[in-house]
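Below: one structure, written as structure tokens.
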There are 2 protein chains.
Amino acid sequence: MATMQDVARQAGVSIATVSFVLNGTKAVTEPTRKRVEAAMAELGYRRNPAGSALARGRTDIIALLYPALQRQLHATATRFFTSAAERAQERGFSLVMWPAANEAHEIDELTRSGLIDGVLLMEVQLEDERVEALRKGTTPFALIGRTQDPTGLPYVDIDFEQTVVSGIEELVARGHTNIAFLYDHSGPSTLHAYGAIARASRTFRDTIAQSGLSGVTVDCGETPRAGREVGEMFREKHPDVTAVLIMNELASPGFMTGLRQAGTLVPDELSVLSLVSSDTVASMCDPELAFMRAPAEELGRLGTDAVIDRITKPDSALPHRLVPCQMVPGSSVGPTSAVGD
Amino acid sequence: MATMQDVARQAGVSIATVSFVLNGTKAVTEPTRKRVEAAMAELGYRRNPAGSALARGRTDIIALLYPALQRQLHATATRFFTSAAERAQERGFSLVMWPAANEAHEIDELTRSGLIDGVLLMEVQLEDERVEALRKGTTPFALIGRTQDPTGLPYVDIDFEQTVVSGIEELVARGHTNIAFLYDHSGPSTLHAYGAIARASRTFRDTIAQSGLSGVTVDCGETPRAGREVGEMFREKHPDVTAVLIMNELASPGFMTGLRQAGTLVPDELSVLSLVSSDTVASMCDPELAFMRAPAEELGRLGTDAVIDRITKPDSALPHRLVPCQMVPGSSVGPTSAVGD
DNA sequence: TTGTATGCGTTATCAA
DNA sequence: TTGATAACGCATACAA
């Protein structure tokens, strides 16, 4: 563990010069820089993060604050973690996992710990006291998700509105005019829940109304089992519906199973399009689902970039970035066979 | 951001005394301790990690080193991350995510960075140059998984041997004597791959041989699609097999779909038991799978404990902990209907 | 262009 | 039992 002192001695310069070379802080003549660099290489010098942090007042560590109490963190969450950590690394930061219940005082704990320079907050709710806590504090942060009114807040989120509209268009293009929207009405628990559900369902209702379509919302808990029950009863309860938008990844395989057991043919009798889902889950279904892929990796990157930008360029514009899901075709969607075809 | 100086001044003592109180380093009389504690509370004092790290030569941060190139990190991985981070927090450490390709020099990078006190290495392979790199270095570490010969290495792993044996027993108890073992023969990519596959398949062969049963291994890639193809052909290719052990979580839903499409009834004609799986995936299948649950949370905790113990008690015994999967009943397993019943 | 010297916040040694 | 004080490794204002 060579120190700057060691490098300085080896190169025959002062410790300050080593610092200048290391950080590019000030100009250094070519020959001396060469000497310093040679010395660093020879000694295998690595800057000590603790010393650096102490002197600079920054640790170059950001925290990914995620809900520890969450019942189900699905595959999307993992993709998200991974890309966030990778991006942080690329930009010279480290990312620590910070499990937390959804309480404001934990935010204060974290921001006052002095360990981290910024916070990336997952699973933002429409009304979120943690966001208030962050807003009141001085620690840079960014949200994955949005509160009810995210004006003045730095965030990155899925464009649920756009995703729902695209989904509906996809179905309408195939002649569907009577569409169901399936999601958890009770209390969702997944990565994009809360705001996600609220925005998507509102968009569904609005779009249906504006375009003169028929629409209905269907409640379904976030488990395969709940999905199965709903699937079994679906035809019976909604005889006129020819297509379903399902925004409930965990329930989707069960829903498909339920449909099959009730003899409801997909896509012949009913088309199914899963919103905000993943290749993994979609391909586990029978038939394989057409779905709109959650941009998990992109959000991880963008979210990390957002926090780091807040830290390094506090005066830059607040990021307000929405990323829509992308359509992935599958065999669960087909033309309508409703009367009139 | 009050410092020790501030606290000391407020309490009318020296900075050293504050340190003693804070760390319990030395005895302090009751009244002065009270005064110091009062001052800390009043100022909302929090120890500065950078200063502390510099003075102590320790950061109280551990790295979770996971393979960035991994194709599929499934639900189990998320449960693992989460419990590891929580446990670290409980013990006063932070856990940073450290994406890394599977290369030894990245280990050196990390251990020389000075940022972390210890490493938790995921996805250990039977022959693993990263493990060699860790072994040669001085940074405390623990493995999730095992190399070929893990003697002398601190590790925590799933007890694959026990899990396979239990799985076989479960089937034998229902009269099955002709059992298939399905896994990815090519190049597995999941959390417990490599060693996992090697150990499990060997145990399968050995157990079958020793107990006079009939057994066959079946190759299947780690995707639902691959599972489906194998499922469709299964009855035809293995007419005498009455039960399947499947150690390939991602393929399992597809496998069930394939069986169904080929008209192979589960469990009437064929019993299916999934090894090293999760509630989420098992319940996505039709019928819902009986499975052996991967002890992800427990491994996360134990792994974190293992590293931290290596850091704080270097002379303690090396942890060699194996945790078996636990049986979770499901409707995919039934008594054999083979000739002779 | 390079060097000197101070401070960042804590810990721990040595005195008192 | 408590207090001065010297590290810890680095960054930087100020001098040279």
- Is the phosphate of C/dT2, meaning OP1 or OP2, less than 4.0 Å from a side-chain N or O of A/T29? yes
- Message: With a 4.0 Å cutoff (strictly under), does any side-chain N or O of A/S14 reach OP1 or OP2 of C/dT4?
- Response: no
- Salt-bridge present (A/E106, A/R130; N to O < 4.0 Å): no
- Message: If I take atom CG in residue B/D60 and atom P in nucleotide C/dG9, what distance separates them, rounded to the nearest angstrom?
- Response: 19 Å
- Task: Could you list the residues that satisfy ring pair (Phe, Tyr, Trp, His ring centres under 6.0 Å) with A/Y155, not counting sequence neighbours?
- Result: A/H320
- Query: Under 4.0 angstrom, heavy atoms only, what part of the nucleic acid is B/T3 near: base, sugar-phosphate, or nothing?
  - Reply: sugar-phosphate
- Rounded to whole Å, CZ of B/R58 lies from P of D/dA7 at a distance of 23 Å
- Item | Stepwise salt bridge (charged side-chain N to carboxylate O under 4.0 Å, His left out) test for B/D309 and B/R91 | CA-CA 10 Å; B/D309 287 347; B/R91 295 193 59 173; 3.0 Å; yes
- Task: Looking at every strand, decide which applies to B/R46 at a 4.0 Å heavy-atom threshold: base, sugar-phosphate, or nothing.
- Result: sugar-phosphate
- Item | Ionic contact status for A/R301 with A/E86, cut-off 4.0 Å | no
- Message: Counting only side-chain heavy atoms from C-beta out, which of C/dG3, D/dC10, D/dG3 sits nearest to A/Y45?
- Response: D/dC10
- Nearest of C/dG3, C/dT10, D/dA11 to any side-chain atom of A/M4? D/dA11
- Message: Whether B/T25 contacts C/dT11 is assessed here as follows: a side-chain N or O lying under 4.0 Å from the phosphate OP1 or OP2. Is that the case?
- Response: no
- Please report the C-alpha distance between B/L110 and B/L65 in whole Å, then the side-chain angles of each, then the deciding distance to 0.1 Å, and finally whether the side chain to side chain contact (heavy atoms under 4.5 Å, CB included) criterion is met. CA-CA 9 Å; B/L110 173 58; B/L65 196 62; 3.9 Å; yes
- Between atom CG in B/L115 and atom C1' in D/dC8, what is the gap in whole Å? 16 Å
- Closest approach of B/R310 to B/P140 (non-hydrogen atoms, all atoms of both residues): CB-CB, 3.8 Å
- Would you classify A/A50 as touching base, sugar-phosphate or nothing, given that sugar-phosphate means primed atoms plus P, OP1 and OP2, and contacts are heavy atoms under 4.0 Å? nothing
- Query: Any side-chain N or O of B/N48 less than 4.0 Å from the OP1 or OP2 oxygen of C/dC8?
  - Reply: no
- Message: Which nucleotide wins on minimum distance to the side chain of A/K26, given the candidates D/dC14, C/dC8, D/dT2?
- Response: D/dC14
- Between D/dC10 (P) and A/M1 (CE): distance, integer Å: 12 Å
- Kindly say if B/S52 contacts the phosphate of C/dT11, meaning a side-chain N or O under 4.0 Å from OP1 or OP2. yes
- Between D/dA11, D/dT12, C/dT11, which nucleotide has the shortest distance from any of its atoms to the side chain of A/L22? D/dA11
- Message: What's A/V13 touching, base or sugar-phosphate or nothing? Going by heavy atoms closer than 4.0 Å.
- Response: sugar-phosphate
- From D/dC8, D/dA11, C/dT1, pick the nucleotide closest to the side chain of A/A27? C/dT1
- Query: What is the distance, rounded to the nearest whole Å, between atom CD1 of A/I15 and atom C1' of D/dC8?
  - Reply: 12 Å
- Item | Contact under 4.0 Å: A/R47 side-chain N or O vs D/dA11 OP1/OP2 | yes
- Item | Spacing of B/F20 atom CZ relative to D/dA4 atom P, expressed in whole Å | 12 Å
- D/dG9, C/dT4, C/dT10: which one has an atom nearest the side-chain heavy atoms of B/L54? D/dG9
- Message: For C/dT11 and B/N23 - does any side-chain N or O of the residue sit under 4.0 Å from the phosphate oxygens OP1/OP2?
- Response: yes
- Euclidean distance, atom CD of residue B/Q5 to atom C1' of D/dT5 [Å, nearest integer]: 12 Å
- Between C/dT11, D/dA11, D/dG3, which nucleotide has the shortest distance from any of its atoms to the side chain of B/S19? C/dT11
- Nucleotide C/dT13, atom P - distance to CZ of B/R56 in whole Å: 14 Å
